[in-house]
Amino acid sequence: MLVYPSGLDVSSSALRFLTQELRRHRRTIGSRWRRLSAGRQALLTLAHLRVGHTYAQLAAGFGVGTTTAYRYVTEAVKLLAALAPSLADAVRTASAKAFVILDGTLLPIDRIAADRPFYSGKHKKHGMNVQVIADPFGRLLWASPALPGAIHDVRAAREHGIVDALAKADIKCWADKGYRGAGAMVRTPCWGRWETLSTGQKAVNRSHAKIRALVEQAIATLKAWRLLRKLRCSTTRITELVQAVLTLHLTSSE
């Protein structure tokens, strides 16, 4: 395999943060020697998450075995995922905002047609459903654990406890029609065909769409980590990957 120098469009603060966490972890477990330093392990992990390089590509670039590359990435991802904010943390942050925006996104996975629980009828592909909460400026506040893609957005929001948490904290939320019936705190567009809506209802839906469109910035922020654009790993690992990316984003944006 050929090796060449390349760049990584990630903040240096994310690299420093992960390096510090890995050094702390190594001291805790008493690790005496590693093939790569904590800084190099952090860089390897960021390359995997940001660019989506395979373990074989990472192994060639960093001069380690494929198994070692997998082990290093898995270790770092677990550390980052453990530091991700909980829904309660996100709600506390959101309580200082005028409102939040809720939406779901599908993370594509490589599954066959027989894997029906992961097939999204809306998107016509296999994937995992992740709920995203953004602030009024479209900044990412929280991303949920991943559920099979066949699960509808409003059901996913209820299973994660998002609807109850927002109602308890008295936080207004804007969402699309997929969350119809979620509760009084979740505002959705007026229901019906465009041509059957009144002039007032059309004006409300236009205003609602302008506000809700900002959540696309948060989703784009999540998928800027290109590994999440096409996941080829076990579905049991996807939640940890999402939480690791969330931690890195929030850390580098502080």
Side-chain angles (χ1 to χ4, degrees), residues 85 87 90-108 116-225 228-230 242 245-246 249-250 253:
L87 177 59
V91 169
R92 279 194 294 271
T93 302
S95 62
K97 312 290 183 180
F99 60 89
V100 296
I101 313 170
L102 173 65
D103 200 3
T105 186
L106 189 79
L107 303 182
R116 298 301 299 176
F118 301 102
Y119 184 78
S120 169
K122 176 182 177 181
H123 298 276
K124 308 301 181 186
K125 64 177 69 173
H126 292 79
M128 300 293 285
N129 181 306
V130 173
Q131 298 295 299
V132 173
I133 296 178
D135 71 4
F137 298 97
R139 292 178 297 218
L140 179 63
L141 295 180
W142 184 73
S144 74
L147 293 175
I151 294 178
H152 197 270
D153 281 341
V154 68
R155 177 184 164 190
R158 288 187 177 124
E159 287 194 16
H160 293 308
I162 298 172
V163 175
D164 291 339
L166 293 176
K168 187 176 180 180
D170 195 29
I171 299 173
K172 294 181 177 64
C173 173
W174 264 251
D176 62 22
K177 292 181 180 179
Y179 296 89
R180 184 167 176 254
M185 299 307 297
V186 181
R187 300 188 178 184
T188 58
C190 297
W191 188 261
R193 292 180 178 276
W194 183 257
E195 59 271 14
T196 64
L197 297 178
S198 67
T199 303
Q201 289 175 324
K202 289 179 179 179
V204 168
N205 280 9
R206 288 193 192 96
S207 176
H208 188 283
K210 289 179 181 179
I211 295 172
R212 197 192 63 77
L214 293 171
V215 76
E216 297 301 330
Q217 296 180 24
I219 293 174
T221 296
L222 197 65
K223 292 188 176 180
W225 298 81
L228 301 182
R229 297 180 189 177
K230 183 65 174 181
V242 172
V245 166
L246 177 63
H249 168 70
L250 295 178
S253 61

Please set out all donor-acceptor pairs under 3.5 angstrom arising from side-chain atoms of residues 184-193, sequence neighbours excluded.
none

How about [X] and [Y]: do any of their side-chain heavy atoms sit closer than 4.5 Å?
X	Y	value
Pro145	His160	yes
Ser120	Asn129	no
Ile171	Phe99	no
Val204	Leu197	no
His249	Leu140	yes
Val154	Arg180	no
Thr105	Lys223	yes
Leu222	Leu228	yes

Starting from the C-alpha separation in whole Å, work towards a yes-or-no answer on side chain to side chain contact (heavy atoms under 4.5 Å, CB included) for Asp103 and Glu216.
CA-CA 9 Å; Asp103 200 3; Glu216 297 301 330; 3.6 Å; yes
Within this structure, what is the [atom1]-[atom2] distance for the pair [X] and [Y], rounded to the nearest 0.5 Å?
X	Y	atom1	atom2	answer
Thr221	Leu246	OG1	CG	11.0 Å
Gln201	Trp194	CD	CH2	10.0 Å
Asn205	Arg212	CG	CZ	10.5 Å
Ile151	Phe118	CD1	CZ	9.5 Å
Arg92	Leu141	CZ	CG	13.0 Å
Tyr179	Leu102	OH	CG	4.0 Å

Determine the minimum heavy-atom distance between [X] and [Y], stating which atoms define it.
X	Y	value
Ala134	Ala218	CB-CB, 3.7 Å
Gly149	Leu106	CA-CD1, 3.8 Å
Gly104	Ile219	O-CD1, 4.3 Å
Gln131	Ala156	NE2-CB, 3.7 Å

So the salt bridge (charged side-chain N to carboxylate O under 4.0 Å, His left out) pairs with at least one residue in residues 138-152 (sequence neighbours excluded) are Asp135-Arg139
Point to revise | Derivation of the side chain to side chain contact (heavy atoms under 4.5 Å, CB included) call for Glu159 and Leu147 | key: CA-CA 10 Å; Glu159 287 194 16; Leu147 293 175; 3.9 Å; yes
(Q) Between Lys202 (side chain only) and Thr199 (backbone N and O only), is there a donor and an acceptor less than 3.5 Å apart? (A)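 It does not hold such a pair.
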*His208 side chain to Ala175 main-chain N or O, any donor-acceptor pair under 3.5 Å?*
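Confirmed, His208 side chain pairs with Ala175 backbone.
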Check your understanding: Given the side-chain rings of Tyr119 and His126, with only the six-membered ring counted for Trp, is the space between their centroids under 6.0 Å?
Key -> yes
How about NZ on Lys177, more than 12 heavy atoms from neighbouring residues, nucleotides or ligands closer than 6.0 Å, or not?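 Enclosed: over 12 neighbouring heavy atoms sit under 6.0 Å from NZ of Lys177.
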For atom NZ of Lys168, is the number of surrounding heavy atoms from other residues, nucleotides or ligands below 6.0 Å larger than 12?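 Atom NZ in Lys168 is not packed in, count stays at 12 or less.
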Is there a side chain to side chain contact (heavy atoms under 4.5 Å, CB included) between Asp176 and Val215 once you walk through the steps? CA-CA 11 Å; Asp176 62 22; Val215 76; over 6 Å; no
Quick one: which of Val100, Ile133, Val91 gives a side-chain contact (heavy atoms from CB on, under 4.5 Å) with Ile162?
->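 Answer to the side-chain contact (heavy atoms from CB on, under 4.5 Å) test with Ile162 among Val100, Ile133, Val91: Ile133.
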